[in-house]
2 protein chains.
Amino acid sequence: MTKSTAVSPQAVHEAARDLFARQGYRGTSMKDIAQVLAVSAPNLYNHVTSKQDLLYRIMDVAMDRALAALATALDGVTDLADQLRRATEVTVLDFLENPAEVTVCNTEIRNLDTPLRQAIIDKRDAYGAQILAIVDRGCAQGLFDVPEPRVASFAILEMGNNAKAWYHPDGHYSATEVAALYGEFALRIVGCRLP
Amino acid sequence: MTKSTAVSPQAVHEAARDLFARQGYRGTSMKDIAQVLAVSAPNLYNHVTSKQDLLYRIMDVAMDRALAALATALDGVTDLADQLRRATEVTVLDFLENPAEVTVCNTEIRNLDTPLRQAIIDKRDAYGAQILAIVDRGCAQGLFDVPEPRVASFAILEMGNNAKAWYHPDGHYSATEVAALYGEFALRIVGCRLP
DNA sequence: CCTACCGATCGGTAGG
DNA sequence: CCTACCGATCGGTAGG
């Protein structure tokens, strides 16, 4: 059996994702990506259209995955405290399980050209709007007690963002345990009466 | 009176800080910085030694300012709940009042060469260690009730990091009011009995 | 002679 | 799939 093709659109995507996360978009050359895949830089253009499109797809795939995970986590859950806990847990789990994508989404959005950047911002805002809606409804029901639901929802979304920096999969806690802690923090922030 | 000197180390520092925050370190050329100051790019080297040193000083100044503000905020405060509230408030205030420095510190640390990078990381860790120490002591006193003080302190430090993205100085709340909200969230996260 | 600063260009590398 | 190479721009320094 001869050596199989070493490169594919998916392989380029993954190599670029990891390098962009570690070195940044502008700090990563097409040659860097090619080197990981042991091919020449010009050869990459047989599988992707441009470096910019590569960045866009990395972020778009990451956002779609996060939105899908949130929808699954909330499916069939009616209690608003459960919704907030699950939404926070799935958010933190996404951060821990996809550190490279999350780093790229957090740090490279300014390197996306305007039409593509807005598309990503829209998806990110749609995610945040769902968290805010949960907090708002919980306040309206009297289940939550928080003076500024908008600020609280931002704090909840943001608080787990850095967890990937200190979390190690083979460390003291599992990702699920860390996510559960943040779920608890979210309920505390909104002043939810615990069961 | 003739035109005064338009450039100084401080002016270069400030121009670079704002451009690095908006475009990134690698997305900003020395020519870009020079253009803001209406001088030639080579002229910048009469005021700074290199682009790399410029980045280091921006981050180092930011860290020293944050550490000094934290020390001032905690000076003479003995109650641990007050300490945590004030530490959180001053942290968020620093985020809101120095958005450019904070953005550079958050996104450009990977572009610092190794010896300089470690110096910044050490200062950042020293900041975090003070927050953790407050949470730890509060738990030891039975004033706080949180299962994992380390995770809680990370969540508290991180939760206000994005506030600068949606906060507008001439908007609904003042920076002090926003900071006070986050101070409240911090006490809730650690399960502090409120007065 | 110094500083501050200019126009021009250095050696290398970027995306394509 | 590679070598060769483009227009441009990079950080930094030359002479004057």
Side-chain angles (χ1 to χ4, degrees), chain A residues 1-59 104 107-108 110-117, chain B residues 1-59 104 107-108 110-117:
Chain A
M1 184 181 291
T2 61
K3 189 175 65 174
S4 62
T5 304
V7 65
S8 67
Q10 180 66 16
V12 179
H13 183 103
E14 292 172 3
R17 175 198 64 198
D18 294 346
L19 285 170
F20 289 171
R22 201 181 325 135
Q23 308 174 353
Y25 176 73
R26 303 196 87 125
T28 302
S29 67
M30 293 300 277
K31 195 177 170 184
D32 290 338
I33 299 168
Q35 234 160 19
V36 169
L37 301 170
V39 297
S40 70
N43 183 14
L44 296 179
Y45 292 91
N46 294 321
H47 304 98
V48 299
T49 62
S50 69
K51 193 188 182 192
Q52 180 72 195
D53 185 67
L54 204 40
L55 177 60
Y56 171 67
R57 287 179 191 273
I58 289 166
M59 299 179 79
V104 173
T107 61
E108 304 299 345
R110 65 184 162 201
N111 286 315
L112 269 184
D113 294 336
T114 33
L116 299 178
R117 179 169 57 223
Chain B
M1 184 182 290
T2 60
K3 190 174 65 175
S4 62
T5 304
V7 65
S8 67
Q10 181 65 18
V12 178
H13 182 103
E14 292 173 2
R17 175 199 63 198
D18 294 346
L19 284 170
F20 289 171
R22 201 181 325 136
Q23 309 175 352
Y25 176 72
R26 304 196 89 126
T28 302
S29 67
M30 293 301 277
K31 196 177 171 184
D32 291 337
I33 300 168
Q35 236 160 19
V36 169
L37 301 170
V39 296
S40 71
N43 184 15
L44 296 179
Y45 290 91
N46 293 320
H47 305 98
V48 299
T49 62
S50 68
K51 194 189 181 190
Q52 179 73 194
D53 185 67
L54 205 39
L55 176 61
Y56 169 67
R57 287 179 191 271
I58 289 165
M59 298 180 79
V104 174
T107 60
E108 303 299 346
R110 65 185 163 200
N111 285 315
L112 270 184
D113 294 336
T114 32
L116 300 178
R117 179 168 57 222

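Reminder, nothing fancy here: chain letters follow the sequence lines and each chain counts from 1. The shown structure was predicted, so the numbers you read here are calculated from the model rather than taken from an experiment.
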From C:dC5, C:dG15, D:dC1, nucleotide with atom closest to A:K51 side chain: C:dG15
Indicate, with a heavy-atom threshold strictly under 4.0 Å, whether A:T28 touches base, sugar-phosphate, or nothing. sugar-phosphate
Interatomic spacing from CD in A:E14 to CD1 in A:I33 - rounded to 0.5 Å: 12.5 Å
Can you identify which nucleotide, out of C:dG15, C:dC5, D:dA4, has its nearest atom closest to the A:S29 side chain? C:dG15
Tell me which nucleotide among D:dG11, C:dG15, C:dG7 gets nearest to the side chain of B:Y45. D:dG11
How many angstroms lie between atom CD1 of B:I58 and atom CZ of B:F20, to the nearest 0.5 angstrom? 5.0 Å
Are any non-hydrogen side-chain atoms of B:H47 and B:L37 less than 4.5 angstrom apart? no
Do B:R110 and A:E108 meet the salt-bridge criterion of a basic N to acidic O distance under 4.0 Å? yes
Which ranges of DNA chain D pair up as stems, where a stem means three or more consecutive Watson-Crick or G-U pairs with both distances under 3.5 Å? none
A:L55 CG to C:dG15 C1', straight-line distance once rounded to whole Å: 14 Å
Rounding to an integer number of Å, can you tell me how far A:L54 CG sits from C:dG16 P? 10 Å
Do you know which two heavy atoms are closest between B:D32 and B:Q23, and how far apart they sit? OD2-OE1, 3.6 Å
Rounded to whole angstroms, how far apart are NZ on A:K31 and C1' on D:dC2? 13 Å
If you check the A:P42 side chain, which of C:dG7, C:dG15, D:dA4 turns out closest? D:dA4
Figure out the CD/P separation between B:Q52 and D:dC10, and round it to whole Å. 17 Å
The side chain of A:N43 lies closest to which of these nucleotides: D:dG12, D:dC1, D:dA4? D:dC1
Using the C1' atom as the point on both nucleotides, what is the distance between C:dG16 and D:dA4, in whole Å? 13 Å
Distance, C1' atom - from C:dG12 to D:dA8, rounded to whole angstrom: 13 Å
So CG of A:L54 and CZ of A:R17: to nearest 0.5 Å the spacing works out to 11.0 Å
Which atom of A:L19 lies closest to which atom of A:T28, heavy atoms considered: O-OG1, 3.4 Å
If the cut-off is 4.0 Å, is B:H47 near the phosphate of C:dA4, judged by side-chain N/O to OP1 or OP2? no
